[in-house]
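Here's the structure, in structure tokens; my notes come after.
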Amino acid sequence: MPAITIAIANQKGGVGKTTTTINLGAAMASFGIPTLLVDMDPQGNATSSLGIEKKAGTGIYEPLLAGDDLSPRVVATNQENLWIIPSELDLAAAELELSSQDNYLIKLRKSLYNLSQNYGLKAILIDCPPTLGLLSMNSLCAADFLLITLQSEYLALEGLSQITRVIHQLKQSGANPDIRLGGIAMTMYDNRTRLSYEVWQEVNKHYPEEIFRTAIPRTVRLSEAPSFGKTIFQYEPNGIGAKAYLALAREVRKRFFE
Ligand SMILES: Nc1ncnc2c1ncn2[C@@H]1O[C@H](COP(=O)(O)OP(=O)(O)OP(=O)(O)O)[C@@H](O)[C@H]1O
Ligand SMILES: [Mg+2]
């Protein structure tokens, strides 16, 4: 069985994609699910959040373009069952270079398929950049499911139609006929405001099947942890952020892995 691949995407910036990739991945790894994170964002926030240095020549850039084996780029994290293929700044150039290649949409899919066979991975989470350029497109073409993170704020739903349209196009064109919108995770949920609840309800009205019951609360701990190179489970294991990501991971496990 190849790994189940989930692209965590939203073309909107700063909506909790990276925070979710890392902490969801860490929680799944703690359930004993061998999980690989792939940092497809040239910003490399997922990489540095795990305390891994972004160094030229160590990320996904070269093997992705060359179609080479990705295994030399897989880095073990300080948590069991959790690996990452880091990003590097040069990845920004890949966008342009990819466009001149054959099969440029499915390069990542092919590479990851081989990797998951060799490593016995069960889950691959891809952290996408805040654009719908070729790096995100490659991620979506490699994915079985799209997981969208939405900030619990006014106009959260705006822009959702754009990304769901892209999913539709990828299906129709045959680039990835099997991709599905797997879930919507609400992030930065503020219990004290009515707005967060109203936004949650609004999303629930339109996407009752996709929205996860767990909303990730806004807590400063989640934003502090990356600067120590730690997941929330290492930084504040008993806090509300850790509890929420654990609950979200249980939902994800139930939805995709059982
Ligand atoms: N639940 C939360 N509570 C408080 N701060 C959060 C929460 N989730 C994320 N943040 C912070 O908000 C900022 C944006 O989050 P994050 O980097 O995860 O979003 P992103 O969608 O990956 O951003 P980008 O589009 O730039 O890649 C970061 O500083 C992060 O630490
Ligand atoms: Mg990010």
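All heavy atoms count here, side chains included; hydrogens, waters and symmetry mates do not. We count ligands from 1, going down the list as the structure has it; atoms in each ligand are counted the same way.
At least one heavy atom of Leu222 lies less than 4.0 angstrom from ligand 1. Residue Pro217 places a heavy atom less than 4.0 Å from ligand 1.
When only interatomic distances are considered, the shortest N/O to N/O separation between Lys17 and ligand 1 falls below 3.5 Å. Taking any N or O of Gly16, backbone or side chain, at least one lies under 3.5 Å from an N or O belonging to ligand 1. Considering both main-chain and side-chain atoms, Arg218 never comes within under 3.5 Å of ligand 1 through any nitrogen or oxygen pair.
Those atoms of ligand 1 that come under 4.0 Å of a heavy atom in Ile216, given as number and element, are 1 (N). Every atom of ligand 1 is numbered from 1 in the order shown, and the set under 4.0 Å from a heavy atom of Asp41 is 27 (O). Near Val15, the atoms of ligand 1 lying under 4.0 angstrom from a non-hydrogen atom of the residue are 19 (O), 20 (P), 21 (O).
Scanning the protein heavy atoms around atom 17 (O) of ligand 1, the nearest turns out to be Thr18 CB, 4.0 Å. The shortest contact between atom 24 (P) of ligand 1 and any protein heavy atom is with Gly14 N, 3.5 Å. When only non-hydrogen protein atoms are considered, atom 26 (O) of ligand 1 lies nearest to Gln43 NE2, 3.3 Å. What sits closest to atom 4 (C) of ligand 1 on the protein, heavy atoms only, is Thr219 O, 3.2 Å. Closest to atom 18 (O) of ligand 1, if we only count protein heavy atoms, is Thr19 OG1, 2.5 Å.
Distance screen at 4.0 Å: atom 29 (O) of ligand 1 has no protein heavy-atom neighbour inside the cut-off.
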Note to self: Assess the residue pair Glu158 and Lys12 against the criterion (salt bridge (charged side-chain N to carboxylate O under 4.0 Å, His left out)); give the C-alpha distance rounded to whole Å, side-chain angles, the decisive distance to 0.1 Å, and a yes or no.
What the structure shows: CA-CA 9 Å; Glu158 207 172 67; Lys12 205 163 162 191; over 6 Å; no
Next item on the list: Go through the steps to decide whether Tyr207 and Glu202 satisfy the test side-chain hydrogen bond (donor to acceptor under 3.5 Å, both in side chains), and finish with yes or no.
Entry: CA-CA 9 Å; Tyr207 296 93; Glu202 178 73 6; over 6 Å; no
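Looking at Gln234 and Asn78, their side chains do bring a donor and an acceptor atom within 3.5 Å of each other. A donor-acceptor pair shorter than 3.5 Å cannot be found between the side chains of Asp41 and Ser87.
Exactly one of Ile84, Asp68, Ile85 qualifies for a side chain to side chain contact (heavy atoms under 4.5 Å, CB included) with Arg73. That residue is Ile85. Here the rule is side chain to side chain contact (heavy atoms under 4.5 Å, CB included) with Leu147, and of Ile184, Leu24, Leu181, Asn10 only Leu24 fits it.
Counting only non-hydrogen atoms, the option in Lys12, Glu224, Met188 that gets closest to atom 12 (O) of ligand 1 is Met188. Closest to atom 11 (C) of ligand 1 by heavy atom, among Cys128, Ser223, Ala215, Gly13, is Ser223.
For Thr149, no heavy-atom contact with ligand 1 is shorter than 4.0 Å.
The pair Lys230-Glu236 does not meet the salt-bridge criterion, since no charged nitrogen lies less than 4.0 angstrom from a carboxylate oxygen. A salt bridge does not link Glu251 with Lys254: every distance from a Lys NZ or Arg NE/NH1/NH2 to an Asp or Glu carboxylate oxygen is 4.0 Å or more. Between Glu198 and Arg194, at least one side-chain nitrogen of the basic residue sits less than 4.0 Å from a carboxylate oxygen of the acidic one, meeting the salt-bridge criterion.
With Tyr189 as the aromatic partner, Arg218 does not meet the cation-pi criteria of under 6.0 angstrom to the ring centre and within 45 degrees of the ring axis. In this structure, Arg255 forms a cation-pi arrangement with Phe212, its terminal cationic atom sitting closer than 6.0 Å to the ring centre and no more than 45° off the ring axis.
Within the 2.8 Å limit, Thr18 places at least one N, O or S atom next to the Mg ion (ligand 2).
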